[in-house]
Visitor: 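Handing you a structure now.
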Amino acid sequence: MMGFKTRGRSHCFLVAFIVTFSCVGYAKSVRDRTEMEWRSKPQGSCNMYQGTWVLDNAYPLFDSSTCPFIRKEFDCLKYGRPDHLYLKYRWQPINCDLPRFDGEEFLKRSKEKKIMFIGDSMSLNHWQSLICLLHAAVPKSNITSQNNDSVSTVIFQVIRLQFIYLFIFNCNFHGRKYYTSHIECLVLFSIFGSSICKHTLTSYIQDYGVSVMLFHSLFLVDIEEEDIGRVLKLDSLSSGNIWKDMDVLVFNTWLWWYRTGIKQPWDYVEDGNVIHEDMDRMVAFHKGLTTWAKWVNSDVDTTKTRVFFQGISPSHYNGTNWNEPGVTNCSMEVEPIMGSTYPGGLPLAWYVVKDVLSRITKPVHLLDITTLSQLRKDAHPASYNGFKGMDCTHWCIAGLPDTWNELLYVALVN
């Protein structure tokens, strides 16, 4: 009988030791992860947009074959791109580190929020990257997709079960019962017999309810059908009543401002009360963007809505810009430009954006992705897309737009 009691006491202490050790181990893992995350955060004054591309085998951030949202324009691996090195580059700011995108943390911070991307196909590129990053973080989530004429929406209605086991040790020594202190731990332990351990289980259901939306708008300002034809109205912005109800707005426009011929989606330009058959495109861009800026100043409550402008996304059709005269597309490019500066310099549209944003009195954050994207001549679909056309304008997903979203994540957090 004494031997049995001794074994029972040893068994109880053994289980208590295992649980305590496991909880300590869990606490240590949490502390180590927290310290790692702290080290990864930008420290002090740092321009996250100045840096270089470095190889990192921990990239890409997700497997594109597992994301059901990628359009055939951007799904480079699916359409036969043979090289994968372009997926392995990480943006390294000069004086700090860019935190790795954390999809679950993004969803937690964005709970019940509505995030809207507004713009042309560059916004589509950016939006698709974000919903793939979030899908990779919560692949078993309940995801709802909605589409209408101008808006595409993906809602992450995540049900996350968090199990908390409460262990109560019931040990019988010499006919007396002893109970250990209650231990709460997020680790699943082995239970050594129901006679010495009872447990209760509590589950928590968390619904993020995050809506990530895309509003298709080529110019931000309006195009209207009139008797004379399609008129681009540089002073008119009618969709603002939809936009201003969002929690996060990410704007973009530029790609279509210089289109001519059959690719030009308007017939006339209206500037004030004057109708033009055409006008200097950079002047038109400045006027249209100024109308948007005035709307931000007058209509957006930036205490409730965060406003971002996605900088100018470059194309790579002229090798002279990266010191390869005679190259007319990106089809043979497999590596980024090393260094932190682009030989061809910044595009004129970048200066227009900077000038207009400087005149806005409310806080608007520029996602200044121009230079870091100029360095990625290797990151376009080229002919590896569903249309088989040469595309050195848009970007592969997974790929460069994931870095844009890492920068968006940092800007939102900070």
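This one's a predicted model, so the numbers in the text were calculated from it and none came from an experiment.
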Visitor: Between Thr370 and Tyr49, does the side-chain hydrogen bond (donor to acceptor under 3.5 Å, both in side chains) criterion hold? Intermediate values first, please.
Guide: CA-CA 9 Å; Thr370 303; Tyr49 303 104; over 6 Å; no
Visitor: Which of parallel (below 30°), tilted (30 to 60°) and perpendicular (above 60°) describes Trp292 and Phe309?
Guide: tilted
Visitor: Does any part of the side chain of Met246, heavy atoms only, come nearer than 4.5 Å to the side chain of Leu249, both counted from C-beta?
Guide: yes
Visitor: Does the Asp56 side chain pair with the main chain of Ala58, one donor and one acceptor, at a distance under 3.5 Å?
Guide: yes
Visitor: Under a 3.5 Å cutoff, is there a donor and acceptor pairing between the side chains of Thr403 and Tyr89?
Guide: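 Thr403 vs Tyr89: no donor-acceptor pair found between side chains.
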Visitor: If only atom types and distance count, is the side chain of Ser129 paired as donor or acceptor with the main-chain N or O of Asn125 below 3.5 Å?
Guide: no
Visitor: Do His126 and Asn405 make a side-chain contact, defined as non-hydrogen atoms from C-beta onward lying under 4.5 Å apart?
Guide: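 In short, these two side chains touch, coming nearer than 4.5 Å.
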Visitor: Taking the ring of Phe219 and the ring of Trp257, is the distance between their centroids below 6.0 Å?
Guide: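 Distance test on ring centres: under 6.0 Å, yes.
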Visitor: The test is side-chain hydrogen bond (donor to acceptor under 3.5 Å, both in side chains); show your working for Trp404 and Ser373 and say whether it passes.
Guide: CA-CA 9 Å; Trp404 299 353; Ser373 302; 3.1 Å; yes
Visitor: How far does CG of Leu289 sit from CH2 of Trp254, to the nearest 0.5 angstrom?
Guide: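 The CG atom of Leu289 sits 10.5 Å away from the CH2 atom of Trp254.
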Visitor: Checking side-chain hydrogen bond (donor to acceptor under 3.5 Å, both in side chains) for the pair Trp350/Thr371: CA distance, chi angles, key distance, verdict?
Guide: CA-CA 10 Å; Trp350 182 89; Thr371 298; 6.0 Å; no
Visitor: For the pair Asn385 (side chain) and Ala382 (backbone), establish whether a donor and an acceptor sit closer than 3.5 Å, ignoring hydrogens and angles.
Guide: yes
Visitor: Begin with the C-alpha distance, continue with both residues' side-chain angles, and end with the deciding distance and a verdict on side-chain hydrogen bond (donor to acceptor under 3.5 Å, both in side chains) for His316 and His380.
Guide: CA-CA 8 Å; His316 290 93; His380 296 286; 2.7 Å; yes
Visitor: Rounded to the nearest 0.5 Å, how far does CG of Asp378 lie from CD1 of Ile337?
Guide: 9.0 Å
Visitor: Evaluate the ring planes of Phe215 and Trp243, with Trp represented by its six-membered ring, and classify them as parallel (under 30°), tilted (30 to 60°) or perpendicular (over 60°).
Guide: perpendicular
Visitor: Side-chain contact, heavy-atom cut-off 4.5 Å: His394 with Ser315?
Guide: no
Visitor: State which residue, out of Val248, Val250, Val300, fulfils the side-chain contact (heavy atoms from CB on, under 4.5 Å) condition with Val307.
Guide: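 It is Val300, the one option of Val248, Val250, Val300 that forms the side-chain contact (heavy atoms from CB on, under 4.5 Å) with Val307.
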Visitor: Taking NZ, NE, NH1 and NH2 as the nitrogens, is one of them in Asp75 or Arg71 under 4.0 Å from a carboxylate oxygen of the other?
Guide: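 Between Arg71 and Asp75 there is no salt bridge, as every charged N stays at least 4.0 Å from the carboxylate O atoms.
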Visitor: Check whether Tyr409 forms a cation-pi arrangement with Arg109 (NZ or CZ under 6.0 Å from the six-membered ring centre, at most 45° off the ring normal).
Guide: no
Visitor: May I ask you to decide if Ala411's main-chain N or O and Arg306's side chain share a donor-acceptor pair within less than 3.5 Å?
Guide: yes
Visitor: Measure the shortest side-chain to side-chain distance between Leu134 and Phe101 over non-hydrogen atoms and say whether it is less than 4.5 angstrom.
Guide: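 Yes, their side chains come closer than 4.5 Å.
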Visitor: Could you state the interatomic distance from CG (Asp120) to CD (Gln310), rounded to the nearest 0.5 Å?
Guide: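 One gets 8.0 Å once the value is rounded to the nearest 0.5 Å.
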Visitor: Any idea which heavy atoms bring Leu372 and Leu400 closest together, and the distance?
Guide: CD1-CD1, 3.9 Å
Visitor: How far apart are the closest heavy atoms of Pro347 and Gln374, and which atoms are they?
Guide: CD-NE2, 3.6 Å
Visitor: I'd like to check Val353 versus Ile312 (side-chain heavy atoms, cut-off strictly below 4.5 Å). Are they in contact?
Guide: yes
Visitor: Does any non-hydrogen side-chain atom of Arg100 lie less than 4.5 Å from one of Glu406?
Guide: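 Glu406 vs Arg100: side chains touch.
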Visitor: With rounding to the nearest 0.5 angstrom, report the CG to CG distance, Leu77 to Leu87.
Guide: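 Nearest 0.5 Å value for the CG-CG distance: 5.5 Å.
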Visitor: To the nearest 0.5 Å, how far apart are OG1 in Thr153 and CD1 in Ile115?
Guide: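 Result: 11.5 Å between the selected atoms.
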Visitor: Using 4.0 Å as the upper bound for N to carboxylate O, is an ion pair formed by Lys304 and Asp247?
Guide: no
Visitor: If we count only N and O atoms by modelled type, under 3.5 Å, do the side chains of Trp91 and Thr52 hold a donor and an acceptor together?
Guide: no
Visitor: May I ask you to test the Phe74-Cys396 pair for a side-chain heavy-atom distance under 4.5 Å?
Guide: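 Counting from C-beta outward, Phe74 and Cys396 never come under 4.5 Å.
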Visitor: Aromatic contact between Trp322 and Tyr342, with the criterion being ring centroids under 6.0 Å apart: yes or no?
Guide: no
Visitor: Roughly how far apart are Ser64 OG and Lys78 NZ, rounded to 0.5 Å?
Guide: 10.0 Å
Visitor: Under the criterion side chain to side chain contact (heavy atoms under 4.5 Å, CB included), I'd like the reasoning laid out for Met213 against Phe117: C-alpha separation, chi angles, the key distance, then a yes or no.
Guide: CA-CA 6 Å; Met213 312 167 78; Phe117 292 80; over 6 Å; no
Visitor: Could you check, using the six-membered ring where one of them is a Trp, whether Phe251 and Phe308 have ring centers closer than 6.0 angstrom?
Guide: no
Visitor: With no hydrogens and no angle check, is any side-chain donor or acceptor of Ser211 less than 3.5 Å from a backbone partner on Ile155?
Guide: no
Visitor: Hey, are His286 and Asp355 close enough side-chain-wise for a donor-acceptor pair under 3.5 Å?
Guide: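 Yes - a donor-acceptor pair under 3.5 Å links their side chains.
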Visitor: Are any non-hydrogen side-chain atoms of Lys354 and Leu366 less than 4.5 angstrom apart?
Guide: yes
Visitor: Distance-only, no hydrogens or angles: does the Lys377 side chain make a donor-acceptor pair with backbone N or O of Glu335 under 3.5 Å?
Guide: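 Confirmed, Lys377 side chain pairs with Glu335 backbone.
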Visitor: If you draw the axis of the six-membered ring of Trp53, does the NZ or CZ of Arg376 fall within 45° of it and under 6.0 Å from the ring centre?
Guide: yes
Visitor: Could you tell me whether Glu225 and Arg230 make a salt bridge, using a distance below 4.0 angstrom between a side-chain N and a carboxylate O?
Guide: no
Visitor: For the pair Thr305 (side chain) and Thr302 (backbone), establish whether a donor and an acceptor sit closer than 3.5 Å, ignoring hydrogens and angles.
Guide: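 Absent.
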Visitor: Is the count of non-hydrogen atoms from other residues, nucleotides or ligands lying under 6.0 Å from Met282 atom CE greater than 12?
Guide: yes
